[in-house]
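A quick write-up on the structure given underneath.
Residue indices begin at 1 and follow the sequence shown.
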Amino acid sequence: MSTPSTLIVPPTGPLRGQVDVVGDKSISHRALFLAALAEGESQIYNLSPAQDVASTQVVLQALGAEIMGAEIAADKTSVRVRPGWRTPSGPLMCGNSGTTARTVMGALLAQGLGARLEGDASLSRRAMGPVVRALQGFGLRAELSQGHLPAHIVPGALRAAEVHIDNGSAQIKTACLLAALRAKGTSRITESRPARDHTERMLPVFGGHCTVTGSGVTVTGPQSLRGAELHIPGDVSAAAFVVVAASLIPGSDVTLRGVGLNPFRVAYLEVLRRMGAHIEITETGCMGDEPVGRVRVRAARLRGIEIPADWAPRLIDEYPILSVAAAFADGITEFRGAEALRDKECDRLAASAQNLRSAGVVVEAFADGLRITSGGIRQTALRLDGFGDHRMVMANAVLLMAREDQAEAGMVTTAEAMAISDPEFVSRFQSLGGLMSMAPVQPSVSVWT
Ligand code: S3P
């Protein structure tokens, strides 16, 4: 566990320059799972250094995979995966990672293995009922602790299934796809609100196939996958913090290189454009079946908009930072349809509302969204709560950087959580001219008399 830290954000001038972002977290999880399910070795370049992705590595290693190169190679982000599956000797520790916990349920079912799954305090509060119910169609037998982790997965009889996912969850879809790949017969997974499609795009790289139609995915199994070589694009969700900061801080001009431009992930760029942001996107190629390119952002005055509710699955990780953009925009921004935010690493609707209100912004909260009214944030010396949630910490850091009156440094608590998705957040901003630093929290000292 990382040292408890506070992020200190002193007054910042314009952000300028060109930067890379870390490898995409969602795509990295999938690359590791598919490599572990394939026959033969795989080589993965630019794997995300996120702690969540490390959780997937730990879980796959406990299940018998060999993952080499992460600690020894000069290029720390490239790993070789040699598959292997066995019943684990202890619980599978999923850490903070919902993608690890949900996806491994599908993988265990596909491999006919049982295990106990555990998570940290935050993951143990998140709902596991929906993924278990979807996988029960494929034969999963699981016991949850009142709908949560710890979970006990019992080896089950895998079968093809038709399953409908109505909450727009890519993690549940991925777990179902892994089960469907190994099941005999044709499975169909439909979604009311389509979620990110990285698994579908990656399958052919490992020699697998599925058919995607408007409302769902069809998979005929059993299929065997073969080891592959693949490059992970830069994480467009990590880029979002730079994009918003550069839009808000006058005089900024930043280019992000090698960023994944999957249509399910770039909706936030379209939202920001509609708010008046100056964003140029140049597609430069493909990694596997994922488009990649450059994103250039220059500072602009933003205005509030109504964000379409049916975009929610495509914006799900960007609402905290879009809420910060809204706090500086002229007029009102409203988004609805995002009830899934209440079950993320924290309740991100409540957390965003609390932080924005403490910065003097008028926020109305609904069960499924926020209505944010503001024209800027002027308070100094703000101390914002990161709620132990990586995206809340990083969104708050941008809010502090973009304040208009910056007489004193601001602070964000639980800053160590940033490593869950982006251990390079601080150094990337520093390289663009942003001043921020991490300070370890001193343990409180008790004095006995
Ligand atoms: C993810 C899917 C999303 C997202 C999460 C990563 C994935 O969750 O919030 O950060 O890698 O599949 P959903 O399962 O709610 O779509």
Side-chain angles (χ1 to χ4, degrees), residues 26 29-30 32-34 36-39 56 59-60 63 83 85 87 92 94 98-117 126-144 147-149 151-225 264 313 340 343:
S26 276
H29 284 295
R30 287 154 173 80
L32 288 166
F33 272 103
L34 291 185
L37 287 165
E39 282 163 24
T56 285
V59 161
L60 290 173
L63 284 165
W85 290 89
T87 300
L92 299 177
C94 303
T99 311
T100 307
R102 297 187 177 102
T103 308
V104 79
M105 290 186 192
L108 287 166
L109 177 60
Q111 295 302 110
L113 294 173
R116 179 182 159 88
L117 269 55
R126 296 176 65 184
M128 293 294 150
V131 66
V132 165
R133 279 193 292 281
L135 286 171
Q136 275 166 346
F138 291 93
L140 183 78
R141 289 165 56 214
E143 274 169 35
L144 293 173
H148 301 93
L149 296 184
H152 189 67
I153 310 291
V154 183
L158 177 64
R159 57 175 179 263
E162 288 202 10
V163 165
H164 182 71
I165 301 169
D166 61 10
N167 59 353
S169 168
Q171 297 173 359
I172 299 179
K173 178 168 59 170
T174 295
C176 291
L177 281 169
L178 298 191
L181 270 179
R182 285 285 193 267
K184 188 161 180 271
T186 296
S187 296
R188 181 145 175 84
I189 301 149
T190 52
E191 306 173 274
S192 313
R193 299 194 294 172
R196 61 188 72 182
D197 63 354
H198 300 303
T199 314
E200 297 89 308
R201 285 174 186 257
M202 195 181 288
L203 266 179
V205 177
F206 287 89
H209 49 92
C210 62
T211 313
V212 181
T213 54
S215 59
V217 196
T218 306
V219 181
T220 301
Q223 293 182 28
S224 46
L225 305 179
F264 282 91
D343 190 46

(request) Enumerate the residue pairs fulfilling side-chain hydrogen bond (donor to acceptor under 3.5 Å, both in side chains) with a member in residues 157-166, sequence neighbours excluded, ordered by first and then second residue. (result) His164-Thr190, His164-Ser192
(message) My understanding is that only residues two or more places apart in sequence, or in another chain, count here; which of them pass side-chain contact (heavy atoms from CB on, under 4.5 Å) with Ala127?
(response) Pro130, Asp343
(request) Supply the atom-to-atom distance His29 NE2 to Thr100 OG1, rounded to the nearest 0.5 angstrom. (result) 4.5 Å
(message) Checking Val59 against Leu117 for the side chain to side chain contact (heavy atoms under 4.5 Å, CB included) test, could you report, in this order, the C-alpha distance in whole Å, the side-chain angles of both residues, the deciding distance, and whether it holds?
(response) CA-CA 9 Å; Val59 161; Leu117 269 55; over 6 Å; no
Tell me which donor-acceptor pairs under 3.5 Å the side chains of residues 177-184 have, and how far apart each pair is, sequence neighbours excluded?
{"residue": "Arg182", "atom": "NE", "partner": "Gln111", "partner atom": "OE1", "Å": "3.1"}
{"residue": "Arg182", "atom": "NH1", "partner": "Gln223", "partner atom": "O", "Å": "3.0"}
{"residue": "Arg182", "atom": "NH2", "partner": "Leu37", "partner atom": "O", "Å": "2.8"}
{"residue": "Arg182", "atom": "NH2", "partner": "Gln111", "partner atom": "OE1", "Å": "3.4"}

(request) Measure from the side-chain N and O atoms of Thr99 to the backbone N and O of Gln171, and report whether any donor-acceptor pair falls under 3.5 Å. (result) no
(request) State which residues pass salt bridge (charged side-chain N to carboxylate O under 4.0 Å, His left out) with Arg116; sequence neighbours excluded, sorted by chain then number. (result) Glu118
(message) Give me each pair satisfying salt bridge (charged side-chain N to carboxylate O under 4.0 Å, His left out) with a member in residues 200-225, each pair once, sequence neighbours excluded.
(response) Lys173-Glu200, Asp197-Arg201
(request) Just jot down the salt bridge (charged side-chain N to carboxylate O under 4.0 Å, His left out) partners of Arg126, sequence neighbours excluded, or say none. (result) Glu345
(message) Suppose we screen for side-chain hydrogen bond (donor to acceptor under 3.5 Å, both in side chains). Which residues come up paired with Thr87, at least two apart in sequence or across chains?
(response) none
(message) Within this structure, what is the CD1-CE distance for the pair Ile172 and Met128, rounded to the nearest 0.5 Å?
(response) 9.0 Å
(request) Could you tell me which non-hydrogen atom of Val219 sits nearest to which non-hydrogen atom of Cys210, and how far apart they are? (result) CG2-CB, 3.9 Å
(request) Check side-chain contact (heavy atoms from CB on, under 4.5 Å) between Thr174 and all other residues, then give those that pass, not counting sequence neighbours. (result) Arg30, Thr103, Thr199
(message) Give me the atom names and distance for the closest heavy-atom approach of Ala101 to Cys94.
(response) CA-SG, 3.8 Å
Anything under 3.5 Å between a donor and an acceptor, one on a side chain of residues 133-142, the other on a protein residue two or more places apart or in another chain? List them.
{"residue": "Arg141", "atom": "NH1", "partner": "Pro155", "partner atom": "O", "Å": "3.3"}

(request) Can you sort out the partners of Ser224 under side-chain hydrogen bond (donor to acceptor under 3.5 Å, both in side chains), two or more places apart, ordered by chain and number? (result) none
(request) Let me see the working for Leu203 and Leu225 under side chain to side chain contact (heavy atoms under 4.5 Å, CB included), right down to the final yes or no. (result) CA-CA 8 Å; Leu203 266 179; Leu225 305 179; 4.1 Å; yes
(request) With sequence neighbours excluded, give me every salt bridge (charged side-chain N to carboxylate O under 4.0 Å, His left out) pair touching residues 214-223. (result) none
(request) List the atom of Trp85, the atom of Ala36, and the distance in Å for their closest heavy-atom pair. (result) NE1-O, 2.8 Å
(message) Show the nearest heavy-atom pair for residues Cys176 and Val163, with the distance to one decimal.
(response) SG-CG1, 4.3 Å
(request) Output all residues satisfying salt bridge (charged side-chain N to carboxylate O under 4.0 Å, His left out) with Arg196, sequence neighbours left out; order by chain, then residue number. (result) Asp317
(message) Distance check, rounded to the nearest 0.5 Å: Leu108 atom CG versus Leu63 atom CG?
(response) 5.5 Å
(message) For a quick test of reading the model, state the closest non-hydrogen atom pair linking Ser169 to Ala195 and the distance between them.
(response) C-CB, 3.9 Å
